Amino acid sequence: MTNSNPESPVTPSQVASTPNNFLGDIIAEDVRTKKYGDAQIQTRFPPEPNGYLHIGHAKAICIDFGLADQFGGKTNLRFDDTNPEKEEQEYVDSIMADVRWLGFEWDRLCYASDYFGQLYEWALQLIKAGKAYVDDLTADEIRQHRGTLTEPGKDSPYRDRSVEENLDLFTRMKAGEFPDGTRVLRAKIDMASPNLNMRDPVMYRILHASHQRTGDEWCIYPMYDYAHGQSDSLERVTHSMCTLEFTDHQPIYRWYIEQLGIFPTQQIEFDRLNITYTMLSKRKLLQLVKENRVSGWDDPRMPTLRGIRRRGFTPEAIRTFVAAAGVSRTNGVTDIEMLEHFQRDDLNHRARRAMAVLHPLKLVIDNYPEGQEEFVEVANNPEDPSAGTRQVPFSREVYIEHDDFREVPPPKYYRLSPGKEVRLRNAYFVTAQSVVKDAEGNVVEVHCTYDPLSRGGNSPDGRKVKSTMHWVSAAHAISAEIRLYGNLFAKADPYDLEEGQDVLDNLNPNSVEILLGAKLEPSLANAKLEDRFQFERVGYFCLDPDSAEGKLVFNRTLALKDSWAKEQKKAGA
RNA sequence: UGGGCGAUCGUCUAAUGGUAGGACAGUGCCCUUUGGAGGCACUUGUCCAGGUUCGAAUCCUGGUCGCCCAGCCA
């Protein structure tokens with residue numbers, strides 16, 4: 001993937017995959033100054049297994065794995081599984097699969113729960129050093145004692161218990177002698193700190209809950225803030241990248257590391273990925289699934305990796321997009337068009353072309369012999385000659401897109417209309433002659449004549465046509481269900497709410513449109529899952545797993561850019 | 001309001017005291033057997049006010065605006 005030879009061609013995506021950013025600058029400097037001696041660069045991707053990964057995680061993954069790779073280091077996948085009440089094996093499995101799908105492989109597979117024993121020992125050590133105490137205050141009382149943003153907190157009345165009493169109480173907490181919520185272990189730091197995170201943070205809470213990995217071995221569980229920094233330290237993570245909201249937690253991690261005298265990991269924060277028309281709250285995403293507002297975590301409208309994968313997005317495009325969007329410390333919102341651009345760019349180069357008519361209109365070629373059929377040769381991908389060609393059947397009756405014929409053409413309309421000659425792609429020139437209408441006056445059939453000399457799509461006399469249209473032979477067409485997807489949210493900023501509204505009130509009511517009458521060229525009957533196609537002049541599509549024997553379902557990944565639609569919009573405006 | 005973080009084209013992001021550049025979006029033209037793709041061109045920006053300096057997006061001072069923090073969530 002890296003290219004050190006300046007003479008050899010470098011593709012734009014390669015350039016985009018190794019951008020300069022402030023994280024790389026920091027690591028490069030640390031490598032230069034040998035801050036960690038001869039130790040390799042070590043990073044980690046630390047998801048909590050309480051939901052499916054989404055495009056925002058993809059950014060973190062690309063940063064964690066990408067940066068380590070760039071500097072010859074390694075990356076661990078570590079599950080931050082310190083809250084058994086929210087975490088499930090299902091999520092662990094999906095996260096591993098999704099990381100691999102994105103194209104990354106971890107060095108070590110770790111769990112914060114691997115460190116429960118060590119963390120407990122360290123807690124004992126802190127108690128013995130007079131740096132931690134058991135607090136009997138209720139959650140409510142602890143909150144009240146914490147103070148506010150502007151007022152300092154108050155010491156708990158249990159803050160000055162003896163080491164012996166703390167040791168006794170904490171070991172009994174572990175032994176299961178106390179009910180949930182009755183006591184916690186807290187770090188003795190500073191109740192007056194302007195950083196609320198430092199006002200004697202809770203280290204352990206009592207939770208008689210079964211953990212997906214440790215079962216019932218523990219009934220006390222460490223808080224994230226007590227577990228995270230030490231987990232990094234234990235894995236000798238040199239650079240621990242995380243999102244901006246954890247900036248205020250750095251002092252806690254450092255405090256534990258200093259008190260314990262263990263390996264000092266360096267944490268560096270970066271901005272979260274935000275995308276227009278998209279919502280990346282794990283909690284809200286869960287709600288969408290639970291309330292059946294979408295078909296599941298893998299609904300093609302979901303911003304989950306599972307969802308966009310089913311929609312037809314590729315790991316390559318996601319990685320290119322993440323790199324292009326960049327990383328900084330500003331809170332911004334990236335235009336979803338940027339994601340779509342890199343996905344189209346990727347698919348344009350790789351996707352096999354096919355012809356599919358979404359809204360069929362029958363076109364009868366009056367001077368084409370009845371009962372005759374022939375095959376025309378079509379390039380599988382004009383962008384890639386090595387993709388070869390295929391034979392597509394042609395006959396007297398074909399389907400064309402309803403929108404490709406206008407009885408009364410508007411200005412700048414290049415497609416078929418009475419008396420106008422156009423090209424049926426790779427086949428023949430045809431000229432519209434007459435129409436058949438139903439009782440309501442809708443055009444239901446168009447009759448035309450063709451020029452037999454224009455076989456393949458060119459006339460020997462050099463005649464030009466203004467438009468080329470896709471088509472499917474009616475006699476050979478296969479049917480399929482087509483699902484057209486749009487943005488899940490109606491507003492660029494889903495959180496742009498009226499008083500009393502919820503973000504889910506901004507869901508786009510038209511985020512999916514299902515077409516049942518589409519006609520496709522027969523070769524599409526052989527489509528397999530993960531195959532990607534460009535239906536020419538329409539968009540990029542992939543086979544949906546809902547497909548079954550004799551029942552094809554295609555998802556539209558993205559529509560092709562449409563300058564005619566833009567033209568119409570301008571005319572209408 | 002206490003603390004932390006941040007502010008560069010419409011959007012995202014470079015420039016690390018020395019020509020404000022790229023990508024996306026937009027506009028126009030060219031090309032085209034996909035109104036796709038491609039090519040060319042164009043437009044638009046350093047939050048504000050002072051200061052230091054030969055020279056400031058960058059350094060200093062003071063404002064303004066935005067984000068995060070008061071879970072026994074992560």
Side-chain angles (χ1 to χ4, degrees), chain A residues 12 15-16 19-22 25 46-48 50 80-83 85-87 135 137-140 142-144 146-153 180-186 193-199 202-207 221 223-225 227-228 243-251 269 271 276 282-283 321 324-342 344-345 348-349 353 355 378-379 382-383 412-415 423-427 456-458 464-470 492 534-539 559-567:
Chain A
V15 171
N20 288 327
N21 63 50
F22 78 100
D25 292 346
E48 181 189 15
N50 69 341
D80 263 333
D81 55 349
T82 55
N83 185 356
E85 293 184 323
K86 290 188 178 171
E87 296 149 7
D135 197 343
L137 254 27
T138 65
D140 229 39
I142 287 180
R143 189 181 322 119
Q144 281 156 17
R146 186 153 30 229
T148 67
L149 293 178
T150 50
E151 303 155 25
D180 288 4
T182 51
R183 279 178 235 265
V184 292
L185 183 71
R186 301 179 73 177
S193 172
N195 180 347
L196 305 220
N197 294 121
M198 297 296 274
R199 319 245 262 226
V202 172
M203 296 163 60
Y204 272 93
R205 76 282 215 185
I206 302 173
L207 232 44
Y221 290 95
M223 296 290 291
Y224 171 86
D225 277 340
H228 192 77
T243 44
L244 253 19
E245 69 270 26
F246 292 104
T247 307
D248 288 343
H249 296 238
Q250 270 219 46
E269 308 85 8
D271 59 340
T276 54
K282 260 172 146 184
R283 205 185 105 249
F321 161 69
V327 51
S328 69
R329 292 176 66 90
T330 60
N331 310 88
V333 186
T334 300
D335 205 322
I336 196 167
E337 305 234 39
M338 198 186 281
L339 204 212
E340 296 177 347
H341 164 80
F342 287 106
R344 284 196 187 95
D345 187 54
N348 177 46
H349 293 288
R353 312 288 129 126
M355 289 195 287
V378 176
E383 298 288 325
K412 294 187 183 171
Y413 186 83
Y414 304 151
R415 279 110 96 149
R423 171 168 39 231
L424 291 182
R425 184 149 161 88
N426 295 111
N458 272 314
K464 300 285 186 201
V465 291
K466 193 80 172 153
S467 181
T468 299
M469 295 166 18
H470 59 104
Q534 183 199 99
F535 290 175
E536 289 198 85
R537 301 209 308 136
V538 180
L560 245 32
K561 292 221 286 188
D562 187 347
S563 56
W564 167 238
K566 196 180 283 182
E567 192 70 45

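Computed from a prediction, not measured in an experiment: that's the story for all the values here. So that the names make sense, note that chain A is the first sequence line, chain B the second, and so on, each numbered from 1.
- The side chain of A:T148 sits closest to B:A70 out of B:A70, B:C73, B:U34.
- Using a 4.0 Å heavy-atom cutoff across all strands shown, A:M469 reaches no nucleic acid atom at all.
- Look at A:S328 and you won't find any side-chain N or O under 4.0 angstrom from OP1 or OP2 of B:C12.
- Figure legend. B:C40 is base-paired to B:G28; pairs are counted as Watson-Crick or G-U wobble with both atom distances under 3.5 Å.
- Look at CZ on A:R537: it is 14 Å from C1' on B:A37, rounded to the nearest Å.
- The side chain of A:Y414 lies closest to B:G35 when the candidates are B:C12, B:G35, B:G2.
- In terms of phosphate contacts, A:R205 brings a side-chain nitrogen or oxygen within less than 4.0 Å of OP1 or OP2 of B:C73.
- A sub-4.0 Å separation between OP1 or OP2 of B:A25 and a side-chain N or O of A:K561 is present.
- Listed nucleotides B:A74, B:C72, B:G35 differ in distance to A:Y224; the shortest reach to its side chain belongs to B:A74.
- Considering only side-chain N and O atoms, A:T330 lies under 4.0 angstrom from the phosphate OP1 or OP2 of B:U13.
- Taking only side-chain nitrogens and oxygens, A:R146 comes nearer than 4.0 Å to OP1 or OP2 of B:C72.
- Residue contacts for A:I336: at a heavy-atom cut-off of 4.0 Å it reaches no nucleic acid atom on any strand shown.
- The side chain of A:E536 lies closest to B:U34, out of B:G38, B:U34, B:C12.
- Nucleotide B:C5: paired with B:G66 (Watson-Crick or G-U wobble, both distances less than 3.5 Å).
- Minimum interatomic distance between A:P46 and A:D80 (heavy atoms only, all atoms of both residues): O-OD2, 3.4 Å.
- The side chain of A:E87 has B:A74 as its nearest neighbour among B:U16, B:U1, B:A74.
- A:N195 comes within 4.0 angstrom of nothing in the nucleic acid, heavy atoms only.
- Not one side-chain nitrogen or oxygen of A:T247 sits closer than 4.0 Å to the OP1 or OP2 atom of B:C5.
- For A:E269 against B:G4, a side-chain-to-base donor-acceptor contact under 3.5 Å is absent.
- Remark: P of B:G4 and CG of A:D248 are 9 Å apart, rounded to the nearest angstrom.
- Backbone-only contact: A:V333 has heavy atoms under 4.0 Å from sugar-phosphate atoms and none from a base.
- Comparing B:A23, B:C12, B:G35 by their nearest atom to the side chain of A:Y413 picks out B:G35.
- Within the shown strands, nothing qualifies as a pairing partner of B:U46 under the Watson-Crick or G-U definition with both distances less than 3.5 Å.
- Contact check, A:R183 against B:C72: no side-chain N or O comes under 4.0 Å of OP1 or OP2.
- Mapping A:D81 and A:D25 onto RNA chain B by nearest heavy atom places A:D25 closer to the 5' end of the strand.
- Between A:R425 and A:E536, at least one side-chain nitrogen of the basic residue sits less than 4.0 Å from a carboxylate oxygen of the acidic one, meeting the salt-bridge criterion.
- Contact detail for A:N195 and A:P251: the closest heavy-atom pair is ND2-CG, 3.7 Å.
- Residue A:R329 has a polar side-chain atom (N or O) positioned under 4.0 Å from OP1 or OP2 of B:G6.
- Pairing of B:G71, defined by two Watson-Crick or G-U wobble distances under 3.5 Å, is not identified with any nucleotide.
- Relative orientation of the A:F246 and A:Y224 rings is tilted, given thresholds of 30° and 60° on the angle between their planes.
- Contacts of A:A139 with the nucleic acid, taken as non-hydrogen atoms under 4.0 Å apart, include base atoms.
- At the phosphate of B:C24, OP1 or OP2 sits under 4.0 Å from a side-chain N or O atom of A:H341.
- For the pair A:E340 CD and B:U11 C1', the interatomic distance rounds to 14 Å; values are reported in whole Å.
- Searching all strands for a Watson-Crick or G-U wobble partner of B:U53 with both distances below 3.5 Å returns nothing.
- When both pairing distances are held under 3.5 Å, B:U16 makes no Watson-Crick or G-U pair with any nucleotide shown.
- To the nearest angstrom, C1' of B:A15 lies 15 Å from CG of A:N21.
- Comparing B:G66, B:G38, B:C12 by their nearest atom to the side chain of A:N331 picks out B:G66.
- Between the C1' atoms of B:U44 and B:C9, the separation comes to 5 Å (whole Å).
- The side-chain heavy atoms of A:F22 and A:V327, taken from C-beta on, include a pair separated by under 4.5 Å.
- Note on A:R199: every side-chain N or O is 4.0 Å or more away from OP1 and OP2 of B:C69.
- Among the atoms of the strands shown, base atoms are found under 4.0 Å from some heavy atom of A:I142.
- For A:E337 against B:U11, no side-chain N or O and base N or O form a donor-acceptor pair under 3.5 Å.
- A:E245 has its CD atom 16 Å from the P atom of B:G71, to the nearest Å.
- Distances from the side chain of A:T150 to the nucleotides B:A70, B:U1, B:G35 place B:U1 closest.
- Glycosidic conformation of B:G55 is anti; the angle lies outside 90° of 0.
- Contact check for A:E269 versus A:Q250: side-chain heavy atoms found under the 4.5 Å cut-off.
- Comparing the C1' positions of B:U43 and B:U34 gives a spacing of 29 Å, expressed to the nearest Å.
- Using atom C1' as the reference point in both B:G18 and B:G39, the two lie 34 Å apart (nearest Å).
- Contact detail for A:R415 and A:W564: the closest heavy-atom pair is NH1-CD1, 3.3 Å.
- The minimum heavy-atom distance linking A:A227 with A:T82 is given by the pair CB-CG2, 3.8 Å.
- In this structure, the side chains of A:V202 and A:R186 come closer than 4.5 Å at one or more pairs of heavy atoms.
- When the side-chain nitrogen and oxygen atoms of A:K464 are compared with OP1 and OP2 of B:U32, none of them lie within a distance under 4.0 Å.
- Per the geometry, CZ belonging to A:R283 stands 11 Å off C1' belonging to B:C73, to the nearest Å.
- The side chain of A:M338 approaches B:A23 more closely than any other nucleotide in the set B:A74, B:A23, B:U13.
- The two residues A:E48 and A:K282 have their closest heavy-atom pair at O-NZ, 3.2 Å.
- The partner of B:A23 is B:U11, by the rule that a Watson-Crick or G-U pair needs both atom distances under 3.5 Å.
- Comparing B:G36, B:U34, B:C68 by their closest approach to the side chain of A:Q534 singles out B:U34.
- Comparing the P positions of B:A20 and B:G45 gives a spacing of 13 Å, expressed to the nearest Å.
- Straight-line distance from the CG atom of A:N83 to the P atom of B:A74: 5 Å, rounded to whole Å.
- Backbone-only contact: A:E48 has heavy atoms under 4.0 Å from sugar-phosphate atoms and none from a base.
- Here the separation of B:U19 from B:C29, taken at their P atoms, is 35 Å to the nearest Å.
- Atoms CD (A:E151) and P (B:G2) sit 12 Å apart, rounded to a whole Å.
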